[in-house]
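See below for the structure under consideration.
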Number of protein chains: 2
Amino acid sequence: MKLDPRHLELLSAIVDNGGLTEGADALGKAQPSVSRTVSMLEARVGAPLFEKSRRPLVPTELCLALAVEGRKILAANKSASTIVASYQGGRRGVVRLGGTPVFMDGVISAMIPQFQASFPEVRIEQSYGYSNELRDRLDNNTLDLAICPLNPTTVGDGFEFVPVLQGRNVIACGYAHRLLAKPSIRLSDIANYPWIAPPTSSPLYQDMRQVLADIGIRDFKVSFSGGSLTATINILNNSDALTVLPYSVVFMARRQKTLAALSIRIGHPERSLGLLRSKAAPKRPSVERFSRFVANEFASLSATITKHEQNNLWRD
Amino acid sequence: MKLDPRHLELLSAIVDNGGLTEGADALGKAQPSVSRTVSMLEARVGAPLFEKSRRPLVPTELCLALAVEGRKILAANKSASTIVASYQGGRRGVVRLGGTPVFMDGVISAMIPQFQASFPEVRIEQSYGYSNELRDRLDNNTLDLAICPLNPTTVGDGFEFVPVLQGRNVIACGYAHRLLAKPSIRLSDIANYPWIAPPTSSPLYQDMRQVLADIGIRDFKVSFSGGSLTATINILNNSDALTVLPYSVVFMARRQKTLAALSIRIGHPERSLGLLRSKAAPKRPSVERFSRFVANEFASLSATITKHEQNNLWRD
DNA sequence: TGGTAACATAACATCACGTTATGAAGCTTG
DNA sequence: CAAGCTTCATAACGTGATGTTATGTTACCA
């Protein structure tokens with residue numbers, strides 16, 4: 001005797017609402033539909049489920065026992081509906097996120113716990129990579145969202161790129177670097193410090209070479225290369241070394257007093273940090289929501305940075 | 001987003017059986033049916049439930065979450081099916097049982113715990129009454145089964161009567177009555193003892209008058225009347241009183257040494273104890289099962305009584 | 001004893017679900 | 001790496017349960 005779970009739901013609706021008519025519109029159906037379904041069920045079961053010839057329909061004991069199961073089904077169904085609604089609202093799901101190491105560690109990783117405080121059911125699967133690799137992975141759908149610096153004009157056709165922060169680098173140093181104490185810094189001052197070079201595959205590597213060339217430094221000493229942001233920061237704070245890092249990364253690190261920037265204007269690359277997505281891939285709500293969140297965060301980060309600059313607070 | 005509980009069952013079946021095909025025949029359906037239902041669900045939900053282009057179909061996280069609810073629904077459904085099966089097998093339900101007080105208390109009440117040991121989910125709603133009242137209540141469907149003494153030829157048309165024990169009365173007395181010590185009892189011996197009269201509405205009342213008339217006792221002293229079997233037994237065991245009771249009742253009470261019978265043959269009424277039911281009423285399985293049980297019990301009781309008589313064990 | 005409210009019945013449309021047959025695409029295996 | 005098997009998807013079709021509105025019964029209440 002296989003029963004239709006909807007019939008059990010129906011029984012519990014009738015029982016719990018005290019009548020066939022009430023149960024019917026609790027389920028959003030017309031009364032005759034429910035009436036007939038009950039009849040068919042009684043025929044199948046071979047037993048009366050309600051005492052007939054009683055006007056506020058009185059459930060049989062058998063019916064009450066089945067209604068208990070119906071309630072369980074209704075509950076499970078409701079929670080399934082909630083799950084689906086969460087998914088559709090982007091409050092549940094997975095976001096496969098990729099980005100360049102320095103930005104991910106230096107900026108994005110601070111945003112994620114904030115996001116997950118609001119949306120704990122969204123799981124972030126993060127990975128690292130540079131723009132070409134990220135594009136590939138967006139293409140073969142192993143990534144939902146990439147965060148990387150790109151020249152907006154060179155974004156491929158199949159991609160959608162939303163710039164969130166102007167590309168701008170600074171010369172970074174440890175928080176207690178002795179150059180920070182000087183009122184003005186001359187190029188000759190920085191020429192002889194050792195440099196930390198980003199990984200050669202990082203766009204920062206080219207940036208650094210360009211920056212140093214621009215300010216006339218042709219010959220420089222690389223004391224360390226290939227490390228992550230954490231390694232770089234550790235070394236900067238325990239040596240005289242300098243390096244080139246994105247403005248936003250240094251800005252964030254200032255709060256923990258782990259990085260500082262020299263007040264030397266350097267040229268900025270023709271790139272913007274932005275959110276890169278595949279146009280072809282179906283837009284999952286969780287990815288949508290996370291993207292909006294990150295864009296908003298960067299908007300307010302931009303505003304904060306601008307405000308700091310206006311107030312000349314950079315070296316407060 | 002209201003979901004069909006059957007779809008959730010379906011998801012859990014697919015997930016738990018490791019594939020669409022396996023899930024399909026776990027549900028007893030053809031594979032294309034399940035395949036299409038999944039497609040429709042995905043369209044409704046707006047999200048993939050399985051990773052496509054993978055041959056042992058891999059469920060999405062969303063799907064897994066929904067499958068959890070599906071399992072709950074399957075479990076509730078299964079237990080509902082069990083409930084119905086129990087009902088249909090007569091292992092669950094209600095039996096509204098009525099009968100004459102002496103038989104109910106003296107014989108049937110001993111059978112009920114035995115029945116319920118096997119079928120604890122069957123509830124017995126017992127009540128007392130005499131044949132006319134019982135017939136009425138069978139007619140207006142406030143009773144499923146009556147157990148009472150009837151003349152099989154006078155059973156009405158709408159009833160079905162199954163005799164289970166020959167009508168036969170004995171003169172009953174307390175277990176230590178001094179008449180029991182006498183090797184032979186003469187009518188004059190019993191004439192002067194006080195008598196306990198059954199309620200006048202009881203057939204036993206007429207029986208007693210008939211018996212005493214048959215054995216030539218025209219004048220007798222009624223010391224107590226109107227009491228239940230318990231009251232009767234108590235009085236019998238604390239006095240010299242005598243009364244007329246069904247053989248079977250005295251036989252059962254012997255085990256507890258609370259009643260005995262005088263070895264005087266008396267005429268038996270043209271009645272049989274039997275199970276009376278309405279032909280019109282739908283046959284509920286629990287009533288069927290209980291009726292069969294009681295009939296069997298009486299069959300073996302009859303056999304036991306016969307055996308005792310053959311072995312002359314009556315006054316062991 | 002009406003009148004009202006609740007349930008049952010009738011008649012009909014439709015759509016999801018079941019079926020079989022068949023196609024397409026992964027995975028496996030020599 | 002191609003063959004073959006397995007697994008899933010699609011197509012075409014019948015049907016039955018479910019929904020609807022309209023209307024009939026019948027229990028309850030005043």
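Convention: sequence-line order gives letters A, B, ...; per-chain numbering from 1. All of these numbers come straight from a predicted model, not from anything done at the bench.
For the pair A:Lys2 NZ and D:dA17 P, the computed distance is 15 Å after rounding to whole Å. In this structure, B:Leu27 atom CG and C:dC17 atom P are separated by 12 Å, rounded to whole Å. Remark: C1' of C:dC17 and CG of B:Leu41 are 13 Å apart, rounded to the nearest angstrom. If you take CD of B:Glu42 and C1' of D:dT10, they are 15 Å apart, rounded to a whole angstrom. Separating the NZ atom of B:Lys29 from the P atom of C:dT20 is a distance of 14 Å, rounded to the nearest angstrom. At whole-Å resolution of the value, CG in A:Asp4 and P in D:dA17 are 10 Å apart. For the pair B:Asp25 CG and C:dT19 C1', the interatomic distance rounds to 15 Å; values are reported in whole Å. Rounded to whole Å, atom P of D:dG16 lies 15 Å from atom CZ of B:Arg6.
Under the 3.5 Å distance criterion, the side-chain polar atoms of A:Lys72 are left unmatched by any main-chain donor or acceptor of B:Lys72. Without hydrogens or angle criteria, B:Glu51 side chain to B:Thr60 main chain gives no donor-acceptor distance under 3.5 Å. Without hydrogens or angle criteria, B:Arg96 side chain to B:Asn141 main chain gives a donor-acceptor distance under 3.5 Å. Under a 3.5 Å cut-off, the side chain of A:Arg284 and the backbone N or O of A:Val94 do form a donor-acceptor pair.
Between C:dC17 and B:His7, a contact under 4.0 Å exists linking OP1 or OP2 to a side-chain N or O.
Comparing C:dA8, D:dA27, D:dA9 by their closest approach to the side chain of A:Pro32 singles out C:dA8. With distances taken from any side-chain atom of B:Thr37 to the nucleotides C:dC17, C:dC7, D:dT10, the minimum falls on C:dC17. Looking at the side chain of A:Ser35, the nearest of the listed nucleotides C:dA8, D:dT18, D:dA9 is C:dA8. In the set D:dT7, D:dA9, C:dA8, D:dA9 carries the atom at the smallest distance from any side-chain atom of B:Leu20. Minimum atom distance to the side chain of A:Ser33 is reached by D:dT20, of the listed D:dT20, C:dC7, C:dT20. Here the nucleotide nearest the side chain of B:Thr21, chosen from D:dT10, C:dA10, D:dT7, is D:dT7.
Within the 4.0 angstrom heavy-atom criterion, only backbone atoms of the sugar-phosphate kind lie near B:Arg54; the bases stay farther away. Note on A:Arg44: nothing from the nucleic acid sits closer than 4.0 angstrom, heavy atoms only.
The base of D:dT10 has none of its N or O atoms less than 3.5 Å from a complementary donor or acceptor on the side chain of B:Arg36. Interface remark: the A:Gln31 side chain does not form any donor-acceptor pair with the C:dA6 base, using a distance-only criterion of under 3.5 Å.
Looking at which nucleotide of DNA chain D each of B:Arg55 and A:Arg55 is closest to, the 5′-most match is held by B:Arg55.
The 12-atom threshold is exceeded at NZ of A:Lys2, counting heavy atoms of other residues, nucleotides or ligands nearer than 6.0 Å.
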